[in-house]
S.K.: 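Before I ask anything, here is the structure I am working with.
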Protein chains: 2
Amino acid sequence: MPRILVVDDEEPIVELIRFNLEREGFEVIATGDGDAALKKVASEQPDLIILDLMLPGQDGLSVCRILRNDPNTRGIPVIILSARSEEIDRVLGLEMGADDYVTKPFSPRELVARVKARLRREAKTPGSLSGQFSRGPIIIDPERFSVTIKGVKYDLTPKEFELLCILAREPGRVFSREYLLERIWGYDYMGDSRTVDVHIRHIRQKLEQAPELPQLVETVRGVGYRFRENL
Amino acid sequence: MPRILVVDDEEPIVELIRFNLEREGFEVIATGDGDAALKKVASEQPDLIILDLMLPGQDGLSVCRILRNDPNTRGIPVIILSARSEEIDRVLGLEMGADDYVTKPFSPRELVARVKARLRREAKTPGSLSGQFSRGPIIIDPERFSVTIKGVKYDLTPKEFELLCILAREPGRVFSREYLLERIWGYDYMGDSRTVDVHIRHIRQKLEQAPELPQLVETVRGVGYRFRENL
DNA sequence: ATTCATTTTGATTAAATTTTAAGAATAATA
DNA sequence: TATTATTCTTAAAATTTAATCAAAATGAAT
């Protein structure tokens, strides 16, 4: 159930958008001014933001710029709403890091379509995030979703792979179970942190089939796990 | 500092791209028509080209073809910008084997991500050529929509063929259903991503009639599909 | 207008992955 | 050494995801 933040000070517009998005199964939160918007983003972690340009207080463009400069919010897609339809606006909005742009008056159906398209596109494009990297004899390639050790390929499941990626990106650093859960499972995951243990075990089982390899994933008792530093 | 050549005749779009690429530390040169583009390529030796399809004078497709036929420029990755219209798309995807492909309207962030991804693997991927190509014992012929394995020809339908083409052009790389839908069906396709599954099934059914062939199209559960790497 | 091939949808089944849970093993500490 | 806390191991339950099948919709060709 993706969560959408709508930032607009015109109440009827907000309600129009809310009605249409909720009908499609989205969760909608809304706010009418820029500063409040930034707070909501931090507290509610929306999956997408619909942002009007003319706002009381902080205006839409600066909100957008601020969102883009913060590593925590940089990844959240922003669709800009604007009354002015000049090209200059569109370009400016996109330069500020918006992902799409809808001019008022807009058709609700179109807006919903764009929201969906954007969420879908943002969702999964393996590889656009990061390229292949290696640690000692082991090569990790997100684009191919594979781990290769001495020429032998090992297939991991999604959770296993993500886990390994996070650990291997910073060898030596210890990651707590809680941190890993939040990164991989999401901040609102409500399950047991022992789940991590099981996945770590699966990774070990699969990778230790490779001969003459020291243990890659180390346990740090009472703290968490880390990827072996010197390989 | 990689140097990017942007070829597009819409000034605002060029500026949008320039702004975003320069912010990321790329050097950007730009031109608005096809003939000038070819000269710039020769004189400036860009590391990557972003090419709009609709250009005055020499159109994008011919520019691309000329670049591909010249040994000096064959290796330069080309990312194509397209407004997604049917026939252009077909030629683009099949005959030209574009390195990557972004549909308008696009998000600058996404474009930058693709540029980075493409530069990262520039070395490995040999510039794709038009016309038929082969992977192990299988020959793929975009002109005929056909696949030949050990002398036996198999006819595929258009969707099946496009799918196979995209997968087979980069064996080993995983493509998400979302990406495939966007490339083949268009960014505004509103259907179910399970559609891809059915076409994959059809491809498998047809091709596995060929004897003694390992599975060509591999499922990567939770992620997408990929073409078998070592054949 | 009918036929045929292709594409898409939906329901069902099968399979892989993830999660839970509980006892065994291990390390840390008194 | 005994105690305790923590992690490992295992298996099975629950969930998610993909394969399969059939039928409906679409579209092109006759």
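These numbers come from the heavy atoms of this one structure, side chains and all, not from hydrogens, waters or symmetry mates.
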S.K.: In whole angstrom, what separates B/R177's CZ from D/dT17's C1'?
M.R.: 8 Å
S.K.: Quick one: is D/dA18 close enough that its OP1 or OP2 comes under 4.0 Å of any side-chain N or O from B/R201?
M.R.: no
S.K.: Nearest-Å distance, CH2 (B/W185) to P (C/dT6)?
M.R.: 15 Å
S.K.: Tell me the interatomic distance from A/L163, atom CG, to C/dT19, atom P, rounded to whole angstroms.
M.R.: 11 Å
S.K.: Whole angstroms only, please: what is the CD-P distance between A/Q205 and D/dA11?
M.R.: 10 Å
S.K.: Does OP1 or OP2 of C/dT19 have a side-chain N or O of A/H199 closer than 4.0 Å?
M.R.: yes
S.K.: Got a donor-acceptor pair under 3.5 Å from the side chain of A/R221 to the base of D/dT6?
M.R.: yes
S.K.: Whether B/R173 engages the ring of B/Y179 as a cation-pi pair (distance to the six-membered ring centre under 6.0 angstrom, angle to the ring normal within 45°) should be assessed.
M.R.: yes
S.K.: Nearest-Å distance, CG (A/L180) to P (C/dT19)?
M.R.: 13 Å
S.K.: For C/dT9, take OP1 and OP2 only and decide whether either is under 4.0 Å from a side-chain N or O of B/R194.
M.R.: no
S.K.: Just to be sure I understand the rule, does A/Y225 reach a base, reach only the sugar-phosphate, or reach nothing, if contact means heavy atoms closer than 4.0 Å?
M.R.: sugar-phosphate
S.K.: Just to confirm, is there a sub-4.0 Å distance from OP1 or OP2 of D/dA19 to any side-chain nitrogen or oxygen of B/T219?
M.R.: yes
S.K.: Using the rule side-chain hydrogen bond (donor to acceptor under 3.5 Å, both in side chains), only one of B/D192, B/T195, B/D197 pairs with B/R177; which is it?
M.R.: B/D197
S.K.: How many Å lie between CG on A/D197 and P on C/dA25, as a whole number?
M.R.: 17 Å
S.K.: Are any of A/T195's side-chain N or O atoms less than 4.0 Å away from OP1 or OP2 of C/dT20?
M.R.: yes
S.K.: Whole-Å distance between C/dA5 P and B/F145 CZ?
M.R.: 18 Å
S.K.: Rounded off to whole Å, could you give me the CD1-to-P distance for the A/I200 and D/dC8 pair?
M.R.: 8 Å
